[in-house]
Amino acid sequence: MAYYLRIYREAAGLTQLELAGKLHVGDSHLGNLERGRRRITITQAKEADKIFNLPGWFENLHYHAQRQHRDWLEQYAALEVEASEIRSWQPLWLPGLLQTEAYARATMEGSHVDDVEGKIATRLKRQAILEREDPPHIWFLIDEKTIAQGVGGPEVMAEQIEHLLALTEQPSITLQLIPSRAGVHPGLDGGFNVLTTDEGDVGFVEAPLGGRLIQDDQDVRRLARRWDHIRSLALPVTETRAKLLEILEGLYEG
């Protein structure tokens, strides 16, 4: 789609700045669309069809792009580096940004993924954003059962919880547990993230084969509202730390 956007823009004699104005985006955003770094939204696709007098052309391309998403995790990782804020919800596993090497290995070996060592290296490399001088503010919401399920055994989980406690001392990281007593809530449908970048918010929905980027403004707002709903059920930060310490002490005693 990026290729066609540039081709039709040039054929119409429009500059990037001119087309950006017609699509109601910044020129840098349009440049990212044409380079494939950002995906065109359904609203922008329909507008492009009007601009270039191509009824349904970009809308149809958008539909098929939505179905072919194997590269979306890679695109998400690139956006993660640019984000100023990340809101994350995980009901099953700890987020990759928080995982120790041992925990990551246990999750991947248990899921029988290919190239475990390569994927671990990629996951740990992503964590470099936590050590930057200007790290994004990241707010993690995690299901309490995720901590209690004992991935990799007591030693792995003890190391992982100690790591979580250390990370939460960083001012850029907020972690809250959703208690088991929360019952049924919108987050049970699966994990997702909402990223805030200079060019707006982007969502990422978890899925077994890699997930899906959400860039349509209305859908991203829905995700953000869902995240706020889940957050309203969370333990306060101090109670979250106390719960982590309680679980950690149980692991040592066991």
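The structure presented is a predicted model; accordingly, all values stated were derived computationally and were not measured.
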Would you say the side-chain atoms of [X] pair up with the backbone N or O of [Y], donor to acceptor, closer than 3.5 Å?
X    : Y    : value
Q160 : T100 : yes
R9   : L14  : yes
Q44  : L23  : no
T196 : D201 : no
Y103 : I161 : no
Q170 : E131 : no

pair [X]-[Y]: side-chain heavy atoms closer than 4.5 Å:
X    : Y    : result
I129 : P135 : no
T240 : F140 : no
L92  : D143 : no
R225 : H229 : no
D27  : L19  : no
E199 : N32  : yes
I120 : R123 : no

For this session: Please report the C-alpha distance between K243 and E239 in whole Å, then the side-chain angles of each, then the deciding distance to 0.1 Å, and finally whether the salt bridge (Lys or Arg N to Asp or Glu O under 4.0 Å) criterion is met.
Result: CA-CA 6 Å; K243 188 65 179 180; E239 289 185 30; over 6 Å; no
Exercise. What do the steps show when you test S88 against N193 for side chain to side chain donor-acceptor pair (under 3.5 Å), and what is the final call?
Worked result: CA-CA 4 Å; S88 175; N193 294 345; 2.8 Å; yes
Check this for me, if you would: do [X] and [Y] make a salt bridge, where the nitrogen-to-carboxylate-oxygen distance has to be below 4.0 angstrom?
X    : Y    : result
R231 : D228 : yes
D219 : R222 : yes
E18  : K22  : no
E101 : R105 : yes

Exercise. Honestly, is R226 close enough over W89, meaning NZ or CZ under 6.0 Å from the six-membered ring centre and within 45° of the axis?
Worked result: no
Problem set entry | Worked check of side chain to side chain contact (heavy atoms under 4.5 Å, CB included) between E80 and L195 | CA-CA 7 Å; E80 192 176 64; L195 279 63; 4.2 Å; yes
What is the distance from atom [atom1] of [X] to atom [atom2] of [Y], rounded to the nearest 0.5 Å?
X    : Y    : atom1 : atom2 : value
L97  : L167 : CG    : CG    : 9.5 Å
K119 : L124 : NZ    : CG    : 14.0 Å
E59  : L54  : CD    : CG    : 12.5 Å
T122 : Q127 : OG1   : CD    : 11.5 Å
K50  : K46  : NZ    : NZ    : 8.5 Å
I173 : T168 : CD1   : OG1   : 8.0 Å

For this session: Examine the side chains of Q176 and W139 and answer whether a donor and an acceptor come within less than 3.5 Å of each other.
Result: yes
For this session: Could you walk me through whether E85 and H137 pass the side chain to side chain donor-acceptor pair (under 3.5 Å) test, one step at a time?
Result: CA-CA 5 Å; E85 180 179 281; H137 180 77; 5.7 Å; no
Would you say [Y] ends up clustered with [X] if hydrophobic residues are merged whenever their side chains have heavy atoms under 4.5 Å apart, either directly or through other cluster members?
X    : Y    : value
I230 : L188 : no
V237 : I142 : no
I51  : L17  : no

Please report the shortest heavy-atom distance between [X] and [Y], naming the atom on each side.
X    : Y    : answer
T197 : A83  : CG2-CA, 4.2 Å
L79  : L213 : CD1-CD2, 4.2 Å
A104 : T107 : O-OG1, 2.7 Å
L233 : H185 : CD1-CB, 3.5 Å
L235 : R181 : CD2-NH2, 3.5 Å
Q90  : F192 : NE2-N, 4.4 Å

Problem set entry | Audit row: L244, I147, side chain to side chain contact (heavy atoms under 4.5 Å, CB included) steps and yes/no | CA-CA 8 Å; L244 290 174; I147 306 295; 4.1 Å; yes
Exercise. Has D198 got more than 12 heavy atoms of other residues, nucleotides or ligands less than 6.0 Å from its CG?
Worked result: no
For this session: Check each of L165, L175, L177 against R241 using the side-chain contact (heavy atoms from CB on, under 4.5 Å) test, and report the only one that passes.
Result: L165
For this session: Please step through side chain to side chain contact (heavy atoms under 4.5 Å, CB included) for the pair W227 and L223, ending with a clear verdict.
Result: CA-CA 6 Å; W227 190 89; L223 277 184; over 6 Å; no
Problem set entry | Evaluation steps, side chain to side chain contact (heavy atoms under 4.5 Å, CB included), between L94 and L164 | CA-CA 10 Å; L94 288 173; L164 292 179; 4.2 Å; yes
